[in-house]
2 protein chains.
Amino acid sequence: MTTNPQGGPFDPQPDDLGAPEVVVQRLPLYVRMLSQFEQQSVEVVSSEQLGQQLQMTPAQIRKDLSYFGRFGKQGRGYNVRRLSAELRRILGLDTSWNAAIIGMGRLGRAVAAYPGFARERFRIVAAFDADPAVIGARVGDLPVRPMEELAGAVQSLDIKIGIVTVPAQQAQVVIDMLVAAGVRAVLNYAPYSPQVPEDVKVRAIDPVLALQSMTYYLKG
Amino acid sequence: MTTNPQGGPFDPQPDDLGAPEVVVQRLPLYVRMLSQFEQQSVEVVSSEQLGQQLQMTPAQIRKDLSYFGRFGKQGRGYNVRRLSAELRRILGLDTSWNAAIIGMGRLGRAVAAYPGFARERFRIVAAFDADPAVIGARVGDLPVRPMEELAGAVQSLDIKIGIVTVPAQQAQVVIDMLVAAGVRAVLNYAPYSPQVPEDVKVRAIDPVLALQSMTYYLKG
DNA sequence: GTTTGTGAAGGATTTCACAGCA
DNA sequence: TGCTGTGAAATCCTTCACAAAC
């Protein structure tokens with residue numbers, strides 16, 4: 001459905017916009033692995049070593065990286081620091097990103113409290129809920145705001161990401177509001193497949209779907 | 001890396017074990033969508049309608065289903081009830097599955113409290129942690145057990161799934177213990193790519209990775 | 001008329017294999 | 001010698017398009 005032409009030889013100048021989406025989705029994995037090597041004070045890694053750790057072929061790693069530039073040295077491998085920095089820049093992880101979280105029930109509060117976002121420079125700068133009983137309460141150090149304030153907050157707080165933690169029944173309306181407000185990236189915790197325009201990216205977090213696709217193999 | 005031959009024409013009798021993994025991963029999505037139609041008392045759906053809701057092509061849905069059997073009627077579509085039941089059976093969702101959760105910190109307690117698992121017949125029947133300060137405490141109605149009891153509990157409680165909510169540093173050892181105990185399906189919340197034998201399935205839940213692969217497109 | 005199920009075609013992704021460089 | 005970067009080959013996955021069924 002999403003058109004993702006492989007694209008021929010590319011302009012190395014701007015980080016290749018024709019890179020397949022699967023490849024882009026693997027880059028954060030590389031970044032994470034490189035951080036780990038960095039922590040262990042490893043200075044240089046080969047695609048072989050990366051592949052071993054990540055359980056993928058060295059060829060795939062090299063091919064993936066080649067969409068964006070030439071980061072290695074023949075006979076040696078990749079400088080961990082440099083490759084990490086390059087990939088972060090390519091992914092846009094050299095800045096921080098503001099996010100809003102919508103749905104301040106049990107799940108929303110747990111997600112809002114997760115320290116992993118801030119650690120990677122994703123900042124939750126606003127919290128919303130439709131329930132008057134919750135509005136005004138504090139979650140961490142954020143006040144829970146009414147949905148009416150969403151569009152305004154997206155503008156004034158430079159919110160680029162919506163984190164949706166409402167029940168499935170409300171997910172579509174909430175995502176529609178986010179999209180209408182100009183948000184083009186949604187992290188969707190609701191067990192629901194929303195319909196969005198094709199320039200909006202949605203990533204689903206659904207542990208139940210993950211489990212349900214493993215039982216097939218357990219059954220055997 | 002994982003060998004997944006497409007397989008030629010198949011034996012319709014046993015639910016095709018040669019179905020590509022991507023296809024298996026989409027089946028739960030269909031199941032969820034069908035439940036939604038069922039709730040709205042829809043009796044029959046076409047691949048067109050399913051595709052519209054899920055934002056995928058009707059052809060893909062038909063092809064996916066065709067790996068497992070012939071569930072539709074030409075000119076009419078699919079009986080919602082029947083297709084839902086068939087897919088659940090194929091995925092092994094006609095029984096309940098027991099899981100253990102390892103790591104009873106903030107994240108582990110939040111995951112254990114999530115009602116979505118039980119709703120889909122995944123039962124968390126044991127909780128573990130390495131920290132003596134936590135062992136013995138109750139989480140929901142489960143006592144937190146020491147890691148030494150893991151292998152025994154997997155056997156005696158028929159645990160087929162491990163849910164890993166420990167910090168990244170401990171993820172590999174914990175997963176090794178699960179695998180050694182005979183667990184072949186792991187839901188991994190730790191921001192770490194574990195190494196497992198190829199007959200063990202791992203699904204990662206990592207909201208940070210999900211966000212990091214969207215910023216690439218926001219940057220543009 | 002409508003919609004499935006499916007070979008065949010078309011695309012996309014992965015892997016191979018090796019020239020070229022350190 | 002060791003490892004990258006990359007065309008070409010192989011594989012895998014999706015879409016097309018239509019005969020068959022209702």
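Since the model is a prediction, treat every value here as computed from it, not as a measurement. Order of the sequence lines sets the chain letters (A, B, ...), proteins ahead of strands, with each chain counted from 1.
The shortest distance between the side-chain N/O atoms of B:Thr57 and the OP1/OP2 oxygens of D:dT14 is not below 4.0 Å. Between C:dT3 and B:Ser47, no contact under 4.0 Å exists linking OP1 or OP2 to a side-chain N or O. Between B:Tyr78 and C:dG5, a side-chain N or O to OP1/OP2 separation shorter than 4.0 Å is present. Between B:Arg62 and C:dT4, a side-chain N or O to OP1/OP2 separation shorter than 4.0 Å is present. B:Gln60 has a side-chain polar atom (N or O) that falls below the 4.0 Å cut-off from OP1 or OP2 of D:dT14.
B:Gln195 CD: more than 12 foreign heavy atoms inside a 6.0 Å radius.
Closest to the side chain of B:Gln74, out of D:dA21, D:dC13, C:dC21, is D:dA21. The A:Arg70 side chain lies nearest to D:dT6 when the options are D:dT6, D:dT15, D:dC22. Of the candidate nucleotides C:dC16, C:dT14, D:dG5, D:dG5 has the atom lying nearest to any side-chain atom of A:Ser66.
Regarding B:Gln25, its CD atom lies at a distance of 16 Å from the C1' atom of D:dT14, rounded to whole Å. One interatomic measurement links the two molecules: CZ of B:Arg76 to P of C:dT3, which rounds to 11 Å at whole-angstrom precision. The distance from atom CZ of A:Phe71 to atom P of C:dC21 is 19 Å, rounded to the nearest whole Å. In this structure, A:Phe68 atom CZ and D:dG5 atom P are separated by 13 Å, rounded to whole Å.
If you check the side chains of A:Ser193 and B:Arg32, you find a donor sitting under 3.5 Å from an acceptor. Looking only at atom types and distance, the side chain of A:Gln172 has a donor-acceptor partner in the side chain of A:Asp176 under 3.5 Å away. Side-chain atoms of A:Tyr189 and A:Asp206 form no donor-acceptor pair, as typed in the model, at a separation below 3.5 Å.
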- request: Please test A:Thr95 against A:Arg121 for side chain to side chain donor-acceptor pair (under 3.5 Å), starting from the C-alpha separation and ending with a verdict.
  value: CA-CA 7 Å; A:Thr95 0; A:Arg121 306 229 262 155; over 6 Å; no
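Taking the nucleotide of DNA chain C with the nearest heavy atom to each of A:Gly75 and A:Asp64, the more 5' of the two is matched to A:Asp64. Nearest-nucleotide positions on DNA chain C place B:Ser46 closer to the 5' end than the other of B:Lys63 and B:Ser46.
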